[in-house]
Amino acid sequence: MASSQSYLTPYSTLCNKFAAISRNTHLLPWIFPVRLGTKARTHSELKSSNGHLLNAVSSQDGTASTNPNSTCVALLAKVGESPNGDSCIHKVSNAGPCLSKPSRLPLGPTRDLDSEFSHFRIHLLSMYLAEKEIRNARVFMNKFVLWDRITFMSSLWVLSNGLAEGPLAEGHIKPQSVEESFPLRESEIMGSNLSITVVGASGDLAKKKIFPALFALYYEDCLPENFIIFGYARTKMTTEELRNMISETLTCRIDKRENCEDKMDQFLKRCFYHSGQYNSEGDFSLLDRKLKEKEGGMISNRLFYLSVPPNLFVDVVRSASHKASSENGWTRVIVEKPFGRDSESSSELTRCLKQYLNEDQIFRIDHYLGKELVENLSVLRFSNLVFEPLWSRNYIRNVQLIFSEDFGTEGRGGYFDNYGIIRDIMQNHLLQILALFAMETPVSLDAEDIRNEKIASLFQKLTLIMIQSVGDHTKFLNWINETIANDPTVPNGSLTPTFAAAALFIANARWDGVPFLMKAGKALHTKRAEIRVQFRHVPGNLYKRNFGTDLDKATNELVLRVQPDEAIYLKINNKVPGLGMRLDRSDLNLLYRARYPREIPDAYERLLLDAIEGERRLFIRSDELDAAWALFTPLLKELENKKIAPELYPYGSRGPVGAHYLAAKHNVRWGDLGNED
Ligand SMILES: NC(=O)C1=CN([C@@H]2O[C@H](COP(=O)(O)OP(=O)(O)OC[C@H]3O[C@@H](n4cnc5c(N)ncnc54)[C@H](OP(=O)(O)O)[C@@H]3O)[C@@H](O)[C@H]2O)C=CC1
Ligand SMILES: O=C1O[C@H](COP(=O)(O)O)[C@@H](O)[C@H](O)[C@H]1O
């Protein structure tokens, strides 16, 4: 290694190069895919990662040591400095004027640059590069966890532009296994503040779901130490009134535990209110001022939750992005559905949002993806040997996705009449579940790999098959219940369906010919969401005669009950104990409340936490959304253009009988009709 001078001189010139990277927009696409792969970490893992890293450095230059601090000391000695122990890492971390404002570096809101450990690593890497030891630098970098490599690749780009070789090709970066990454929770990075603004704070969803979910996250210590929550809406309200409003809906779900009341008080103290118009940049500017006051000069990361009707999304995003974006941290926006009414309006919405936001700032929520059992689908499939081999047309006869609610459009008739059950439930919640159920194995669990797989292996190959039910035109089961007709918020003569059923097929090798049936309805006899997988008959079944004539009854069925009372059970045939040979259908039953006594977090908790941590896996990417609309738009247009009148079904019933015709046409019997269900 060279003298201290030779390290330091070129290092200082690198500052300008770092500053210049923001103008090198061609670098961003290169850095971007890697950034998407970042994972959150815990503080202790960061520390251990730091040790790992230092060991990697030391093994490079022969100063092998298992102690990060001594490695640090040894390295610094080479540049003529002699700090000791813990102070070493801090000293090196803070070195270099160009790194004093790391979050302004071109990577934008990446968490790693906020960390002093990253500064340290950049510094060390720059030593190698300054010595034109590009090979060593590469080896060094390859030892890093993915998270670190974001920092390093950006440095390498800049440095290699100005130093030894040309820009590094992507191929130089060795893929890192998932196991090797050490997630760091953003909240644990020092000196940053998280500000969450709930836009539409006076509304139903905010009260019912968003504030309670935020409180639950706070209770579980999942929010960063420094966070504030602002409610924003037109309604005139004081902060005190907002707190009173929220406190009415916060459940001490964990009330069996201690401190719930205290925690609630502490949580409410972090909540504030600002009243403003949704399209007023002036009002968002005032919000920005209040946010800054509370953020107290820390790096600010800002999350906006758009809990307002969709026609307000663009106004809010425009005003917020112009006037209330974070200046030194990240800004993210959670958007609630509906994302348009059809392909055209959805693309238009995406186009408008993207005038103000990048795709990676937009978190389109589909709260069904945050439900425990839906999240578990991939685990069940990909980490159990017994299921994946059966997961195809060879063994599966049909798949059923069932959603029912035992209440009608009450209170949301205005919204619902404009959308209907197909847009409200099928095009998003059920289709997303179908995609996760049927996709091919993704390359990794990375958000982009999963979403790519959903698109590539599935959406492009799906066809929606409909059924004729009434006359020549009604190709979709399309029912309306009595209450929508009587709901005062629904215009007279509404043709909006509250019940629908559909059959879909996937034209690929795995699923060819397997019907995927969906049915969704409001005002039915029960509230339930489930996935039912009916397996084929046992060929040449020795016990055939024990089942009578109805062989369907004897097939295995796997049920994932998403709600209520989460469960996974497998219906099997079993011998009834005794001297005779009587067979019985029994369940191998994993009832969550029996197995896991801890309460299951609400979907909104999981999704909010993911958005805070920048994890996109459970959010809808714009191309997924386009594909979902492309599937449903022609059908919706046909229904609406032809003004096909839905048939009535009684409130509280099991829904229209036509759903059975649809199933029968595809040799399917709905699984939710059996006695045991
Ligand atoms: N509620 C639910 O269960 C679910 C809701 N969603 C979606 O979440 C979002 C929010 O839902 P929800 O809370 O029910 O919606 P609300 O209808 O309650 O609207 C939220 C807030 O937006 C403001 N607002 C409502 N209508 C208008 C309007 N025409 N012009 C200007 N401001 C208006 C009101 O605040 P103020 O008057 O104070 O400004 C209201 O409190 C919507 O996009 C909805 O589709 C998605 C899934 C479930
Ligand atoms: O998105 C929606 O979901 C709810 C049902 O959600 P759940 O978590 O209670 O099952 C539905 O009532 C609403 O119409 C729809 O917009």
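Indexing begins at 1, ligand by ligand and atom by atom, following the structure's order. Everything numeric in this text was worked out from a predicted model, so none of it was measured. We use all heavy atoms of the structure for the numbers below, so side chains are in, but hydrogens, waters and symmetry mates are not.
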Selection from Lys337, Glu336, Gln277 by shortest heavy-atom distance to atom 45 (O) of ligand 1
Lys337

Short N or O distance, Tyr278 and ligand 1, threshold 3.5 Å exclusive:
yes

Contacting atoms of ligand 2, where contact means under 4.0 angstrom from a heavy atom of His429:
1 (O), 2 (C), 3 (O)

Below 4.0 angstrom from a heavy atom of Lys337, which ligand 2 atoms are there? Numbered from 1 as shown, please.
1 (O), 2 (C), 15 (C), 16 (O)

What residue and atom, counting heavy atoms only, is the protein's closest point to atom 10 (O) of ligand 2, and at what distance?
Tyr368 OH, 2.4 Å

Show me which atoms of ligand 2 lie under 4.0 Å from any heavy atom of Glu405.
4 (C), 5 (C), 11 (C), 12 (O)

Is it the case that the side chains of Gln361 and Thr331 hold a donor-acceptor pair, with the cut-off being a distance below 3.5 Å and no angle test?
no

Close approach of Tyr419 to ligand 2, heavy atoms, under 4.0 angstrom
no

Do Tyr305 and Glu336 have side-chain atoms, one donor and one acceptor, less than 3.5 Å apart?
yes

Quick one: sort the Tyr368 and His429 rings into parallel, tilted or perpendicular, breaks at 30° and 60°.
parallel

What about Asp424: any of its N or O atoms under 3.5 Å from an N or O on ligand 2?
yes

Is Tyr604 close to ligand 1, meaning an N/O of one under 3.5 Å from an N/O of the other?
no

Does this structure show an ion pair linking Glu448 with Arg621, if we count only N-O contacts that are shorter than 4.0 Å?
yes

Counting neighbours of NZ on Lys269 that are heavy atoms of other residues, nucleotides or ligands and sit closer than 6.0 Å, is the number greater than 12?
no

Are any of the N/O atoms in Gly203 less than 3.5 Å from those in ligand 1?
yes

Counting each atom of ligand 2 from 1 as listed, which ones have a heavy atom of Gln563 under 4.0 Å away?
7 (P), 10 (O)

Could you tell me whether Tyr415 and ligand 1 have an N or O pair separated by under 3.5 Å?
no

Please confirm whether the ring centroid of Phe284 lies under 6.0 Å from the ring centroid of Tyr232.
yes

Nearest-neighbour protein heavy atom for atom 14 (O) of ligand 1, which is reported as residue plus atom name and distance
Asp204 CB, 3.5 Å

For Lys208, the ligand 1 atoms whose distance to one of its heavy atoms is below 4.0 Å
1 (N), 2 (C), 3 (O)

Side chain or backbone, does Val308 bring an N or O within less than 3.5 Å of an N or O on ligand 1?
yes

Say whether Thr526 and Asp406, considering side chains only, have a donor N or O and an acceptor N or O under 3.5 Å apart.
no

Any N or O of Ala206 closer than 3.5 Å to N or O of ligand 1
no

Check this for me: does any side-chain nitrogen of one of Asp221 and Lys263 sit under 4.0 Å from a carboxylate oxygen of the other?
yes

Can you report which non-hydrogen protein atom sits closest to atom 13 (C) of ligand 2, along with the distance?
Arg412 NH1, 3.2 Å

With the threshold set at under 4.0 angstrom, would you say Lys207 reaches ligand 1 through any of its heavy atoms?
no

Please could you name the atoms of ligand 2 that Lys527 approaches to less than 4.0 Å, counting only its heavy atoms?
9 (O), 10 (O)

By number and element, which atoms of ligand 2 are closer than 4.0 Å to a non-hydrogen atom of Lys522?
11 (C), 12 (O), 13 (C), 14 (O)

Just to be sure I read this right, does ligand 1 sit under 4.0 Å from the backbone of Leu312, its side chain, both, or neither, counting only heavy atoms?
side chain

Distance from atom 3 (O) of ligand 2 to nearest protein heavy atom, with residue and atom
His367 CE1, 3.3 Å

Do Gln432 and Glu624 pair up side chain to side chain, a donor and an acceptor below 3.5 Å, judged on atom types alone?
yes

Assess whether a salt bridge exists between Arg289 and Glu293, defined as any Lys/Arg side-chain N lying under 4.0 Å from an Asp/Glu carboxylate O.
no

Nearest heavy atom to atom 17 (O) of ligand 1 wins, so pick from Gly200, Pro309, Pro310.
Pro309

Between Arg561 and Glu530 (salt bridge meaning N to carboxylate O under 4.0 Å), is one present in this structure?
no

For atom 8 (O) of ligand 2, what is the closest protein heavy atom, and at what distance to 0.1 Å?
Lys371 NZ, 2.6 Å

Kindly confirm or rule out an N or O of His367 lying under 3.5 angstrom from an N or O of ligand 1.
no

